*Asks:* 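Before anything else, here's the structure in question.
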Amino acid sequence: MKKIIIGNWKLNLDHLQGIQLLQKINYSLKKNIEDEVEIVLAPSHTSLRSLQTVISTDSLKINLSSQDVSSYKEGPYTGEVSANQLKKLNIKYSIIGHSERRQHFHENDEIINQKLNRLIENEIIPIFCYGEDLKVRNEGTYLNHLENQLINGLKGLKKDKLIQIVFAYEPIWAIGTGEVASVSDIVEVFEMTKKFISQKNFLPENEIKFVYGGSVTAENSKTILNTSIIDGALVGGASLNSDSFIDIINSVDL
């Protein structure tokens with residue numbers, strides 16, 4: 001299975017800066033790297049069309065993700081961007097359930113579940129984020145907390161659709177803090193997730209991708225990305241620098 005490296009640019013870069021960074025990343029990629037590693041960039045909504053045009057025109061081997069999607073299909077919802085609108089732009093992925101959406105915009109599991117279903121309906125691959133804060137981690141209840149996020153977030157999903165999801169474990173206590181979950185921490189969560197999938201009779205679990213997000217850097221990526229159960233990384237701040245992002249991509253053992 002290919003590793004997948006996702007660069008989440010968050011609320012940074014206008015469309016011109018985004019094009020420039022895209023071109024820098026593409027120029028620095030090893031030849032035929034796409035045979036082993038899938039590269040995904042998640043710019044702001046305002047940059048998606050511009051970057052998609054460059055990717056299509058120059059036949060770049062890079063895919064795009066939106067950073068979010070509306071839970072509504074259409075209608076009087078000012079400021080929202082629908083899954084169907086993303087589909088028309090040939091956007092392959094969309095991030096949902098990111099801790100920043102949960103924390104700052106008060107998104108709960110029900111809203112995230114609605115977003116997941118909108119994406120599945122439009123054949124866009126959800127990057128489903130789940131994670132715990134430091135309080136839950138210290139209380140030792142984090143596995144139950146994470147399982148509840150999975151239960152509620154995946155509610156009503158048909159088992160043949162689960163294979164379309166990328167599961168992104170992002171412990172809140174490790175996002176932008178410089179703290180990084182240990183490999184054993186990450187493996188423990190992914191083993192729990194695989195067990196949950198198995199119990200729900202969602203198959204085939206061996207084709208489902210599990211990625212880690214939380215202060216991923218060029219310095220720690222080699223250990224993270226070359227652990228067998230970890231299929232990739234959701235990279236935040238380090239994806240805004242082409243050299244750092246390329247170093248993370250190149251840390252995958254080919």
Side-chain angles (χ1 to χ4, degrees), residues 1-10 38-45 48 52 62-74 80-103 105 107-131 146-172 175 189-190 192-194 196-197 200 202-214 230-236 239:
M1 183 186 293
K2 280 187 183 182
K3 297 288 185 178
I4 179 171
I5 311 296
I6 306 156
N8 179 14
W9 293 353
K10 305 188 179 185
E38 181 175 5
I39 300 153
V40 180
L41 300 177
S44 297
H45 281 136
L48 286 171
Q52 187 61 276
I62 294 174
N63 288 305
L64 291 182
S65 171
S66 69
Q67 294 180 17
D68 191 26
V69 67
S70 178
S71 59
Y72 300 104
K73 292 183 179 180
E74 60 182 356
E80 294 287 273
V81 175
S82 74
N84 183 60
Q85 290 170 328
L86 295 175
K87 181 180 180 180
K88 296 297 183 182
L89 289 179
N90 295 318
I91 304 304
K92 186 175 180 179
Y93 295 91
S94 180
I95 299 171
I96 56 171
H98 195 282
S99 63
E100 292 162 359
R101 298 297 308 178
R102 295 177 188 261
Q103 178 182 356
F105 300 95
E107 292 187 2
N108 57 27
D109 292 331
E110 180 181 0
I111 291 173
I112 293 161
N113 178 253
Q114 291 169 352
K115 291 183 175 188
L116 180 138
N117 281 288
R118 298 293 83 77
L119 293 173
I120 294 294
E121 290 166 2
N122 286 277
E123 301 177 316
I124 297 173
I125 299 171
I127 300 170
F128 181 94
C129 299
Y130 60 125
L146 296 170
E147 186 172 2
N148 284 331
Q149 287 183 331
L150 293 170
I151 291 170
N152 296 321
L154 303 177
K155 187 176 180 180
L157 184 70
K158 294 181 179 179
K159 61 184 180 181
D160 64 324
K161 300 297 183 183
L162 191 81
I163 195 173
Q164 300 177 25
I165 300 174
V166 174
F167 288 90
Y169 172 52
E170 43 150 32
I172 298 170
I175 297 174
V189 170
F190 287 160
M192 179 277 293
T193 306
K194 292 186 75 170
F196 170 81
I197 291 167
K200 295 298 180 181
F202 288 134
L203 297 172
E205 66 181 66
N206 62 324
E207 295 185 34
I208 297 170
K209 287 190 173 179
F210 301 95
V211 305
Y212 170 75
I230 303 173
D231 300 312
L234 178 57
V235 185
S239 69

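Bear in mind the structure is a predicted one, so any value in this text is a computation, not a measurement.
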*Asks:* Determine yes or no for a side-chain-to-main-chain donor-acceptor pair under 3.5 angstrom, with Gln67 supplying the side chain and Ser94 the backbone.
*Replies:* no
*Asks:* Could you pull out the closest heavy-atom pair between Ser65 and Pro43, with the gap in Å?
*Replies:* O-CD, 3.5 Å
*Asks:* Run the side-chain contact (heavy atoms from CB on, under 4.5 Å) test on Lys73 and Arg118 for me, step by step, so that the C-alpha distance in whole Å, both residues' side-chain angles and the decisive distance to 0.1 Å come before the verdict.
*Replies:* CA-CA 7 Å; Lys73 292 183 179 180; Arg118 298 293 83 77; 3.5 Å; yes
*Asks:* Please report the shortest heavy-atom distance between Ile95 and Cys129, naming the atom on each side.
*Replies:* CG2-SG, 3.8 Å
*Asks:* Should Gln164 and Ile120 count as side-chain neighbours, where that means a heavy-atom distance under 4.5 Å?
*Replies:* yes
*Asks:* Could you report the tightest heavy-atom contact between Asn122 and Asn84, atom names first, then the distance?
*Replies:* OD1-CA, 3.5 Å
*Asks:* Just one of Leu146, Thr193, Leu234, Val211 clears the side chain to side chain contact (heavy atoms under 4.5 Å, CB included) bar with Tyr169, so which one?
*Replies:* Leu146
*Asks:* For the residue pair Leu150 and Phe128, establish whether any side-chain heavy-atom pair is separated by less than 4.5 Å.
*Replies:* yes
*Asks:* Return yes if some donor-acceptor pair links the side-chain N/O of Lys3 with the main-chain N/O of Ile230 below 3.5 Å, else return no.
*Replies:* yes
*Asks:* Around atom NZ of Lys155, are there more than 12 heavy atoms of other residues, nucleotides or ligands at under 6.0 Å?
*Replies:* no
*Asks:* Please work out which of the three classes, parallel, tilted or perpendicular, describes the rings of Phe167 and Tyr130, given edges at 30° and 60°.
*Replies:* perpendicular
*Asks:* Do side-chain atoms of Glu74 reach the backbone of Ser82 as a donor and acceptor pair under 3.5 angstrom?
*Replies:* no
*Asks:* Please step through salt bridge (charged side-chain N to carboxylate O under 4.0 Å, His left out) for the pair Lys2 and Asp231, ending with a clear verdict.
*Replies:* CA-CA 7 Å; Lys2 280 187 183 182; Asp231 300 312; over 6 Å; no
*Asks:* To the nearest 0.5 Å, how far apart are CD1 in Ile91 and CD1 in Ile125?
*Replies:* 12.0 Å
*Asks:* Looking only at side-chain N and O atoms, does Glu38 offer a donor or acceptor that is under 3.5 Å from a partner on Asn63?
*Replies:* yes
*Asks:* Kindly determine whether Arg102 and Gln149 satisfy side-chain contact (heavy atoms from CB on, under 4.5 Å), including the steps that lead there.
*Replies:* CA-CA 11 Å; Arg102 295 177 188 261; Gln149 287 183 331; 3.5 Å; yes
*Asks:* Can you check whether Leu116 reaches Leu154 side chain to side chain, under 4.5 Å on heavy atoms?
*Replies:* yes
*Asks:* Report the C-alpha distance between Trp9 and Ser239 in whole Å, list the side-chain angles of each, state the deciding distance to 0.1 Å, and finish with yes or no for side-chain contact (heavy atoms from CB on, under 4.5 Å).
*Replies:* CA-CA 7 Å; Trp9 293 353; Ser239 69; 3.4 Å; yes
*Asks:* Is the backbone of Phe196 close enough, under 3.5 Å, to the side chain of Glu147 for a donor and an acceptor to pair up by distance?
*Replies:* no
*Asks:* Report yes or no: does Glu80 contribute a side-chain atom to a donor-acceptor pair with the main-chain N or O of Ser70 at less than 3.5 Å?
*Replies:* no
*Asks:* Do any N or O atoms from the side chain of Lys115 and from the backbone of Val69 form a donor-acceptor pair under 3.5 angstrom?
*Replies:* yes
*Asks:* Side chains of Ile127 and Asn8: closer than 4.5 Å at any heavy-atom pair?
*Replies:* no
*Asks:* Do Asn117 and Asn113 touch side chain to side chain, with heavy atoms closer than 4.5 Å?
*Replies:* yes
*Asks:* Minimum heavy-atom separation for Ile124 and Lys87, please, with both atom names.
*Replies:* CD1-N, 3.8 Å
*Asks:* Looking at every heavy atom in both Leu157 and Lys161, which two are closest together, and how far apart are they?
*Replies:* CD1-CB, 3.7 Å
*Asks:* Could you check if a side-chain atom of Phe105 sits within less than 4.5 angstrom of a side-chain atom of Ile111, using non-hydrogen atoms only?
*Replies:* no
*Asks:* Would you please test His45 and Leu86 for side-chain contact (heavy atoms from CB on, under 4.5 Å) and show each step?
*Replies:* CA-CA 9 Å; His45 281 136; Leu86 295 175; 4.3 Å; yes
*Asks:* Atom OG in Ser44, atom CG in Asp68: separation rounded to 0.5 Å?
*Replies:* 11.5 Å
*Asks:* With a 3.5 Å distance limit and no angle check, can you tell me whether Asn108 reaches the backbone of Glu110 through a side-chain donor-acceptor pair?
*Replies:* yes
